[in-house]
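To keep things clear, I will list the structure first and then write my remarks on it.
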Number of protein chains: 2
Amino acid sequence: MSKESTAPSDGGTPTGTKARRVRADAQRSTDALLEAAKTVFATSGVDAPVREIAETAGVGVGTVYRNFPKRSDLIAGVFRREVDACVAEAAELSAAHPPCDALSRWLHRYTEFIATKKGLATALHSGDPAFSTLPDYFRENFEPALARLLEGAAEAGDICGDVDPYDLLRAIGNLSVASGDDGAAHLRRMVDLLIKGLRFGAPGAGGRDTGRNTV
Amino acid sequence: MSKESTAPSDGGTPTGTKARRVRADAQRSTDALLEAAKTVFATSGVDAPVREIAETAGVGVGTVYRNFPKRSDLIAGVFRREVDACVAEAAELSAAHPPCDALSRWLHRYTEFIATKKGLATALHSGDPAFSTLPDYFRENFEPALARLLEGAAEAGDICGDVDPYDLLRAIGNLSVASGDDGAAHLRRMVDLLIKGLRFGAPGAGGRDTGRNTV
DNA sequence: ATTCAAAACGGAACAGCGATCCGTATTAAA
DNA sequence: TTTAATACGGATCGCTGTTCCGTTTTGAAT
């Protein structure tokens, strides 16, 4: 999403420059490609043929290269798109559920993000400069999102309020890589345990905790 | 060298089975390919086109695939061949030079081996099962070779005799990866320093050292 | 509504690659 | 010397990344 935000009918404040608007078909192609790449990467890995991605997106290969000249651009694009999607859900869940419930649901949603990220892991650590900004993008978006959820739950008195959001994000990430056979189920149990731990120090539960909660 | 040892005129003990002898042209092809692959890998990396390797070796691509069905086989073959060559030089140097001199020369020769190994490093850690035996092969060959050199120098009274060969091998390996701009020159100085350190505790030098020499 | 130029599209085409296959040449034993 | 086994070479196939350009779409101007 390096080009523009999501809204297509983005009338927006007309700035002084007479820049031609982004053409609708271009926007469609970019979106379709990111969506298709996400799917194809998940099934065939990040080295999947360009043609397969183009076909899945319903565009020609030329369009792929015009929007994403290098493969790493496409990978980075998918990564950012998934970060955005996961972060956006934080607000949605927050609006639709009680604070602590929203927190719990989102943390499990976050584990899904981490799971899909696995295929990209090796590519991410390949030293390609196209990926250099991704770690920052990751933190700058996830940390505030989780911080708000934690804040909400803490204000409602459901959890104790002294957990570092980034600590928690990293902890879940680490749990994911170490999961064995029934990874998904095991991970779910572990995350549930973390949430229970958060509840423990809550004022409403009358628990006594010893200072900062190290996850 | 998974097939046979080096000697072409290897009459060897005729076992009961009437196995046809290894054809000379096949042996030539295998040798030429390993030699060519070593060269090509050094210039074009381990992902170099098969055709380039075949051409350098003066054989057809079919011959490449017959001798090394998978690329990893070729890489592993080159690795073992270089280990063998480096180990063999230990004995040669030992025969041609005074013990401590031989040790010094060989350690510098070993740094060359490590340097050429750099390109293979990523491939080696790729999880390909074809590489799983290489670490053992490395240690099982290098450790005794260096042990003999150290032993000889110690018996001659040139160095103190309590250095773990494997420690020393690893130390030089670690020095190599950390070398910066003028890597080669820096590495040479550092290895010289190590050798000087070995000499320090020698009986002939009258030095007093404090127990085991940790490199 | 119509016009029009800029922008984007699609996919044919090119080049490079891994891998296979089989007619030919080489080799070692009889 | 003969001969069957073995190895060789390179044409060939299918798949890939990448480019290029004629065609189509789009948004603004009329």
Side-chain angles (χ1 to χ4, degrees), chain A residues 2-4 8-12 14-34 36-37 40-41 43-75 123 126 128 130, chain B residues 2-4 8-12 14-34 36-37 40-41 43-75 123 126 128 130:
Chain A
S2 56
K3 289 180 175 291
E4 197 67 26
S9 58
D10 177 43
T15 59
T17 65
K18 271 198 174 181
R20 223 177 163 84
R21 205 155 30 131
V22 177
R23 276 177 53 161
D25 53 351
Q27 187 64 249
R28 271 199 303 272
S29 290
T30 302
D31 288 347
L33 275 172
L34 286 173
V40 173
F41 286 164
T43 41
S44 309
V46 291
D47 291 327
V50 173
R51 286 184 231 276
E52 185 181 347
I53 299 169
E55 194 177 4
T56 304
V59 304
V61 287
T63 302
V64 179
Y65 282 99
R66 200 173 318 104
N67 286 279
F68 305 95
K70 306 202 316 178
R71 177 175 292 269
S72 54
D73 297 327
L74 192 49
I75 296 174
S126 69
D128 192 312
Chain B
S2 56
K3 289 181 175 294
E4 198 67 24
S9 59
D10 177 43
T15 59
T17 65
K18 272 198 173 180
R20 222 177 162 84
R21 220 190 337 171
V22 176
R23 276 177 54 161
D25 53 352
Q27 187 64 248
R28 270 198 304 272
S29 291
T30 302
D31 288 347
L33 274 173
L34 286 172
V40 173
F41 285 165
T43 39
S44 308
V46 291
D47 290 329
V50 172
R51 287 185 232 277
E52 185 180 349
I53 298 170
E55 193 176 6
T56 304
V59 304
V61 286
T63 302
V64 179
Y65 284 101
R66 199 173 319 101
N67 286 279
F68 304 95
K70 304 202 316 177
R71 177 174 293 267
S72 55
D73 296 328
L74 192 49
I75 295 174
S126 68
D128 191 313

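A, B, ... follow the sequence lines: proteins, then strands. Residue 1 opens every chain.
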Taking only N and O in the side chain of [X], is any of them less than 4.0 Å away from OP1 or OP2 of [N]?
X	N	answer
B:Thr63	D:dA7	no
A:Arg66	C:dC9	yes
A:Arg28	D:dT26	yes
B:Arg71	C:dG18	yes
B:Asn67	D:dA7	no
B:Ser29	D:dC8	yes

* Does the base of C:dT26 carry an N or O that pairs as donor and acceptor with the side chain of B:Arg23 under 3.5 Å? ->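 Indeed, a donor on one side and an acceptor on the other fall under 3.5 Å apart.
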* Do A:Arg51 side-chain and D:dG17 base share a donor-acceptor contact under 3.5 Å? ->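 It does, because a donor-acceptor pair links the side chain of A:Arg51 to the base of D:dG17 below 3.5 Å.
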* Given D:dT25, C:dT27, D:dT18, the nucleotide with the shortest approach to the side chain of A:Asp25 ->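 Given the options D:dT25, C:dT27, D:dT18, the side chain of A:Asp25 is closest to D:dT25.
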* Per B:Arg21 side chain, nearest of listed nucleotides C:dA29, C:dG18, C:dC9 ->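 Ranking C:dA29, C:dG18, C:dC9 by closest atom to the B:Arg21 side chain puts C:dA29 first.
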Between [atom2] of [N] and [atom1] of [X], the distance in whole Å:
X	N	atom1	atom2	value
B:Asp73	C:dA19	CG	P	11 Å
A:Glu55	C:dG10	CD	P	13 Å
B:Lys70	C:dG18	NZ	P	15 Å
B:Phe68	D:dC8	CZ	P	11 Å
B:Gln27	C:dT26	CD	C1'	16 Å
A:Glu52	D:dT16	CD	P	8 Å
A:Asp47	D:dC15	CG	P	18 Å
B:Ile53	C:dA19	CD1	P	11 Å

* Could you give the distance from CG (A:Leu33) to CG (A:Asp73), rounded to the nearest 0.5 Å? ->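 Those atoms lie 12.0 Å apart.
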* So what does B:Val50 touch, heavy atoms closer than 4.0 Å: a base, only the sugar-phosphate, or nothing? ->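 Sugar-phosphate contact only.
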* B:Ile53 to B:Ala36 - nearest heavy-atom pair and separation ->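 So the two residues come closest at O-CB, 3.8 Å.
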* Quick one: do A:Val59 and A:Asn67 satisfy side-chain contact (heavy atoms from CB on, under 4.5 Å)? Show the steps, please. => CA-CA 11 Å; A:Val59 304; A:Asn67 286 279; over 6 Å; no
* Asked: With B:Asp128, which residues qualify under salt bridge (Lys or Arg N to Asp or Glu O under 4.0 Å), at least two apart?
  ->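 Expected list: none.
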* Map B:Val61 and A:Val59 onto DNA chain C by nearest heavy atom, then report which one ends up closer to the 5' terminus. =>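 So the residue in question is A:Val59.
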* Are B:Phe68 and B:Ile75 close enough that some pair of their side-chain heavy atoms sits under 4.5 Å apart? ->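 Counting from C-beta outward, B:Phe68 and B:Ile75 never come under 4.5 Å.
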